[in-house]
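In each ligand, atom 1 is the first atom listed, and ligand 1 is the first ligand listed. Positions are given from 1 along the sequence.
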Amino acid sequence: MAPVKISIIGAGSAVFSMRLVNDLCKTKGLSGSLVSLMDIDEQRLNGVYELAVRYVKELGADLRFEKTTSLETSLHEADFVINTALVGGHAYLDKVREIGERYGYYRGIDAQELNMVTDYCTITNFNQLKFFVDLARMMERICPNAWLLQTANPVFEGTNLISRCSKIKVVGFCHGHHGVIEMAEALNLDEKKLDWQVAGFNHAIWLNRFFYDGEDGYELLDRWIEGGNLEGWKPRNPFDVQMSPAAIDMYRFYGMMPIGDTVRNGTWYYNKDFETKKRWYGEPWGGPDSDIGRRWLYDQLALGVELIKKFAQDESFSFKRFVNYFGPLLVTLPEDIRQTVEMLLDANRLSNEPVVQFIDSLVNGNVRRFVINVPNEGYIEGIPDGVFVEVPAVVDKDGWHVERIEPKLSEKVLKFYLWPRMLRMEWALYAIMNGDKSALIEFLMRDPRTNSLEQAKNVIEEILNLSENLSMRKHYEKNLKFC
Ligand code: NAD
């Protein structure tokens, strides 16, 4: 085992970073490594750093942490760079969404057929996409052999853009495939007896293989549906959509089950307005991409940031005494945060984020199975080589070995879902890579919510005129190219 340097960019991403810190401290193969926490928000950075340092000490793990607000410093001698930054934060995304809604685009202009996830913005999120390319280029200069592990969204557009503009090795990550396990729980199946595969694009994956103890798993799903379980179904939280009426309806049409965030990425049929969302994703939230579903998430994120700040500032705080410190309030924490806390308290428990284990597999040859976003090389038939696909792969010291996708994705998945989704990625990348404003407008002209050319032009102009978008405006006014 060789110590490595791992940079986490956007380390102030509260709950996510603490999950990575947890996994890093508990992965023996990475002992002796240096973890560089980088963020432009010093307060958030200090909070995560303070807790990381205390955590590693309490666990007795052999890991060093550094913190910096300089990207260059963080990248210096890095072997792995995890990008989790959200440039402009959720506040910027809310602002452009509000502008879009004033022009008649419910949930903003980035909410598009097959791409309804709120923070997966591909049209207006110029600063985020430009940051991806700038980061990759800086890596070429400072740490050309390092791996860029992309978790910040949009992963699909981001990985494709980076690979077209830079030679840096990039792999995309998402925990969405855990939807398979959620499904198994709903069907009362033992996870260990499952034989499954998913394939597609990020936030667009389908359960192509599903066997349980040698039996066809889809027959079990059909029985679950026929048994009237859908009628009694209720979400536990806005993100609990894996067995929602929308998922089952998509399964009926496509012949395969959509997994994880894919369920959120149907057509307007499920997303037209709040009432429609509630019908398909359950009451009261209507899924995570409604106004109230979003507020639920923001409350959790804010609480995570607040807790990290509070504990970091309190010198008497220790993880070992956490339960006493927090007392009976622990059970009142929202599920996601409580689970993160419980994971930190358990010396052996890892998070469900795959990225640290991926590093361990590459560095130490500890063979594991992952679902990763890598360039297609014939893995999914009908998708051009080079386009990033999300597929199961075994990873070892030599890299990834993608499984043969068997059985193939259904023709409907390919023609009604993956091809049109891929085209939307290509439109977004064409616009940004060529600084072509007319392509942005044309994108909206194909949106069923657009009633006139004026509507599309005006909404784009207002977004370009935001003070945060000075460089975006210049980029599109001067037809600047990315590469
Ligand atoms: P957040 O706003 O809470 O955190 C993002 C962090 O990025 C902040 O601390 C911010 O200060 C920092 N940042 C902003 N600009 C930066 C810059 N130029 N350089 C360095 N740091 C910068 O956001 P979040 O909710 O934690 O989400 C972060 C990203 O991760 C989003 O894109 C989100 O969609 C994505 N995400 C991905 C997955 C996945 O499984 N792939 C899961 C959840 C969230």
Side-chain angles (χ1 to χ4, degrees), residues 7-20 36-49 67-75 81-94 110 115 117-122 125-135 138-139 148-159 170-179 201-205 239 259-262 264 288-289 294 296-309 336-337 340 351-356 358 370-373 388 390 468 471:
S7 301
I8 304 179
I9 311 302
S13 171
V15 181
F16 189 75
S17 286
M18 285 316 293
R19 287 187 189 140
L20 297 191
S36 172
L37 302 172
M38 185 272 154
D39 203 291
I40 51 167
D41 183 327
E42 217 166 344
Q43 209 183 23
R44 276 178 167 223
L45 179 65
N46 287 342
V48 172
Y49 173 77
K67 60 171 174 165
T68 176
T69 52
S70 155
L71 193 50
E72 293 214 354
T73 306
S74 187
L75 296 184
V81 177
I82 303 172
N83 180 20
T84 179
L86 177 57
V87 178
H90 293 285
Y92 168 74
L93 304 183
D94 287 344
D110 291 282
N115 185 23
V117 170
T118 307
D119 54 9
Y120 216 88
C121 298
T122 64
N125 217 358
F126 174 86
N127 294 330
Q128 173 84 337
L129 290 162
K130 182 169 184 306
F131 179 75
F132 294 174
V133 175
D134 290 346
L135 170 63
M138 204 184 265
M139 285 176 64
L148 175 52
L149 309 179
Q150 179 71 24
T151 67
N153 283 323
V155 168
F156 184 43
E157 276 75 7
T159 47
V170 57
V171 186
F173 291 87
C174 184
H175 49 223
H177 58 276
H178 287 290
F201 304 138
N202 180 235
H203 285 195
I205 49 171
F239 285 84
I259 295 297
D261 303 292
T262 319
R264 299 157 68 184
D289 302 302
R294 212 63 208 162
W296 181 94
L297 174 71
Y298 290 168
D299 287 348
Q300 296 236 350
L301 290 175
L303 182 60
V305 171
E306 195 48 45
L307 286 177
I308 287 176
K309 193 169 130 198
D336 212 29
I337 295 190
T340 305
S351 78
N352 66 2
E353 302 298 341
V355 66
V356 172
F358 178 84
F370 294 90
V371 175
I372 48 177
N373 290 264
F388 275 65
E390 189 163 300
E468 296 92 329
S471 65

Nearest neighbour in protein (non-hydrogen) for atom 25 (O) of ligand 1: H90 NE2, 2.8 Å

Just to verify, which of D261, N115, N202 counts as forming a side chain to side chain donor-acceptor pair (under 3.5 Å) with Y120? N202

4.0 Å heavy-atom contact, Q128 with ligand 1: yes

Does R44 pair with D39 as a salt bridge, N-O distance under 4.0 Å? no

Would you mind finding which of T151, I8, N83 brings a heavy atom closest to atom 39 (C) of ligand 1? T151

I want to check something: taking the side chain as every heavy atom from C-beta on, are I9 and S74 in contact at a cut-off of under 4.5 Å? yes

Can a donor-acceptor pair be found between the side chains of Y92 and N127 at a distance below 3.5 Å? no

Reported CD1-to-CD distance for the pair I259 and E390, which is rounded to 0.5 angstrom: 11.0 Å

Below the 3.5 angstrom mark, is there an N/O of E353, backbone or side chain, next to an N/O of ligand 1? no

So, does F16 sit close enough to ligand 1 that a heavy atom of it is under 4.0 Å from the ligand? no

For atom 44 (C) of ligand 1, decide whether some protein heavy-atom distance is shorter than 4.0 Å. no

With heavy atoms of D41 as the reference, note each atom of ligand 1 found under 4.0 Å away. 11 (O)

Would you say atom 29 (C) of ligand 1 makes contact with the protein, given that contact here means a non-hydrogen protein atom less than 4.0 Å away? yes

Could you walk me through whether F173 and I372 pass the side chain to side chain contact (heavy atoms under 4.5 Å, CB included) test, one step at a time? CA-CA 6 Å; F173 291 87; I372 48 177; 3.7 Å; yes

Working to the nearest 0.5 angstrom, can you tell me the gap between T159 OG1 and L148 CG? 9.5 Å

Could you walk me through whether F16 and E353 pass the side chain to side chain contact (heavy atoms under 4.5 Å, CB included) check? CA-CA 8 Å; F16 189 75; E353 302 298 341; 3.4 Å; yes

Have a look at ligand 1 and work out which part of R44, if any, has a heavy atom under 4.0 Å from it: side chain, backbone, both or neither. side chain

Would you indicate which of I9, D39, V87 comes nearest to atom 12 (C) of ligand 1 when only heavy atoms are counted? D39

Looking only at protein heavy atoms, which one is nearest to atom 21 (N) of ligand 1, and how far off is it? G10 CA, 3.5 Å

Looking only at protein heavy atoms, which one is nearest to atom 18 (N) of ligand 1, and how far off is it? F131 CE1, 3.5 Å

Does the N or O separation between F173 and ligand 1 drop below 3.5 Å for any pair? yes

Verdict with supporting geometry, F131 and L71, side chain to side chain contact (heavy atoms under 4.5 Å, CB included): CA-CA 11 Å; F131 179 75; L71 193 50; 4.1 Å; yes

Do D119 and R294 meet the salt-bridge criterion of a basic N to acidic O distance under 4.0 Å? yes

Can you tell me how far apart OG (S13) and CG (L37) are? Round to the nearest 0.5 Å. 11.5 Å

Which of the numbered atoms in ligand 1 are under 4.0 angstrom from any heavy atom belonging to D119? 33 (C), 34 (O)

Between N153, D261, I40, which one has a non-hydrogen atom sitting closest to atom 35 (C) of ligand 1? N153

Just going by heavy-atom distances, which of L86, L135, L45, N202 is nearest to atom 5 (C) of ligand 1? L86

Under a 4.0 angstrom heavy-atom cut-off, which atoms of ligand 1 come close to M38? 19 (N), 20 (C)

Specify the protein heavy atom at minimum distance from atom 42 (C) of ligand 1: its residue, its atom name, and the distance to 0.1 Å. H175 CE1, 3.8 Å

Over 60° means perpendicular and under 30° means parallel, so tell me whether F156 and F201 are parallel, tilted or perpendicular. parallel

Distance filter under 4.0 Å to G12 heavy atoms, resulting ligand 1 atoms: 9 (O)

Write out the residue and atom name of the closest protein heavy atom to atom 26 (O) of ligand 1, then the distance separating them to 0.1 Å. S13 OG, 2.4 Å

